[in-house]
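In the text below, chain A, chain B and the rest are named by the order of the sequence lines, each starting its count at 1.
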Amino acid sequence: MPSISQPDLVPDASSTRAEMESQQREIAALATFEDRFSFDARRITNPLEAASADKPLEAASTDGTQPIIAGVDQSFLLESEPERALSAIVAMRDGEVLERVYAVTPLEIPYIPGLLAFREGGPILKAMTNLSVEPDLYLFDGSGRIHYRQAGIATHIGVVLDVPAIGVAKSLLCGDPADSLEGLAPGTRVPIEANARVDAPEGTVLGYAVQTRQYESGTRSINPLYVSPGHRVGPETAADLAFGLAAEYKLPEPIRLADRYATTAKREYRA
DNA sequence: GCGACAG
DNA sequence: ATCTTGTCGC
């Protein structure tokens with residue numbers, strides 16, 4: 001795993017709530033919500049678009065400079081005593097799985113909206129210890145800058161390790177969509193702006209609601225994802241990458257596979 | 001007091 | 001997140 005760049009900011013579940021919140025403000029101040037990475041993000045394009053394009057799929061994936069992208073997700077063993085978290089990581093390159101690892105740890109604190117990183121951050125860092133490859137980018141299940149103090153779990157882990165990170169949430173923690181989110185077409189995005197409840201100037205674009213998939217017809221519609229910068233990635237690029245990494249499903253592949261692995265690994269672990 | 005609230 | 005049967009829709 002990458003070295004710890006900010007030892008003092010490693011999530012500590014024994015901190016008081018006030019300490020956690022002030023640490024988050026510190027993290028937000030250290031975070032970079034702009035593109036600061038070395039790989040070529042333009043080469044990450046939606047597999048479905050690539051397939052429909054004129055050139056063969058192989059053409060978009062040749063040399064060995066493709067970035068390693070890791071998806072991170074958790075499952076929980078809530079029946080055990082104490083409750084435990086299973087953190088799973090799937091590292092991919094060029095649409096291929098390079099490595100899958102997981103770690104199980106006891107949970108220290110309950111889920112509190114806004115303090116997720118203090119519940120799941122430890123388990124995640126432990127799982128990273130088992131990785132042999134060094135990802136160029138991490139995708140987390142949860143928010144990044146779309147957070148009361150602009151320091152969601154993707155930002156927290158990103159800053160602690162000083163690695164490019166993006167938050168991909170399935171529901172909106174805070175902020176206001178700049179427009180309606182009903183029945184958006186695939187590829188569409190809507191800015192999520194800071195409001196009075198967010199520690200940022202009102203109207204600041206914190207991230208985007210991103211529609212990766214949509215039903216062709218019908219009454220129901222698929223909800224968008226809420227994508228925001230974690231660290232060293234700007235909001236537009238974060239949205240581009242989330243969309244580009246989604247294949248046949250709503251979730252970007254690295255996260256979808258991490259989600260599945262977290263579930264299957266839990267079965268193995270119990271047995 | 002009331003409402004909102006990632007996973 | 002997790003616990004779970006049926007059920008609506010293509």
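Nucleic acid contact class of A:I153 (heavy atoms, under 4.0 Å, all strands): base. Residue contacts shown for A:S75 are limited to sugar-phosphate atoms, with no base heavy atom under 4.0 Å away. Residue A:G167 is classed as having no contact, given no heavy-atom separation below 4.0 Å to the nucleic acid. Among the atoms of the strands shown, none is found under 4.0 Å from any heavy atom of A:I124.
We find that the ring of A:Y111 and the base of B:dG7 stack, their centres lying under 5.5 angstrom apart and their planes tilted less than 30°.
Consecutive Watson-Crick or G-U pairing (both distances under 3.5 Å) never extends over three or more pairs in DNA chain B.
Between A:R197 atom CZ and B:dC2 atom C1' the separation is 12 Å, expressed in whole Å. Rounding to whole angstrom units, CG of residue A:L116 and P of B:dC5 are separated by 15 Å.
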Open item on the list: If you apply the rule side-chain hydrogen bond (donor to acceptor under 3.5 Å, both in side chains), what do you find for A:S132 with A:E99, and how did you get there?
Closed with: CA-CA 8 Å; A:S132 66; A:E99 188 176 23; 3.0 Å; yes
Run the numbers on A:R232 and A:D162 for salt bridge (charged side-chain N to carboxylate O under 4.0 Å, His left out), then give the verdict. CA-CA 8 Å; A:R232 303 178 67 145; A:D162 193 25; 3.2 Å; yes
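The listed nucleotides are B:dG7, C:dA1, B:dC5; the one nearest the side chain of A:L173 is B:dC5.
At a cut-off of 3.5 Å, with distance as the only test, no side-chain donor of A:E21 or A:Y148 sits close to an acceptor on the other residue.
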List every contact pair, protein side and nucleotides 3-7 of chain C side both N or O, where the distance is under 3.5 Å.
none

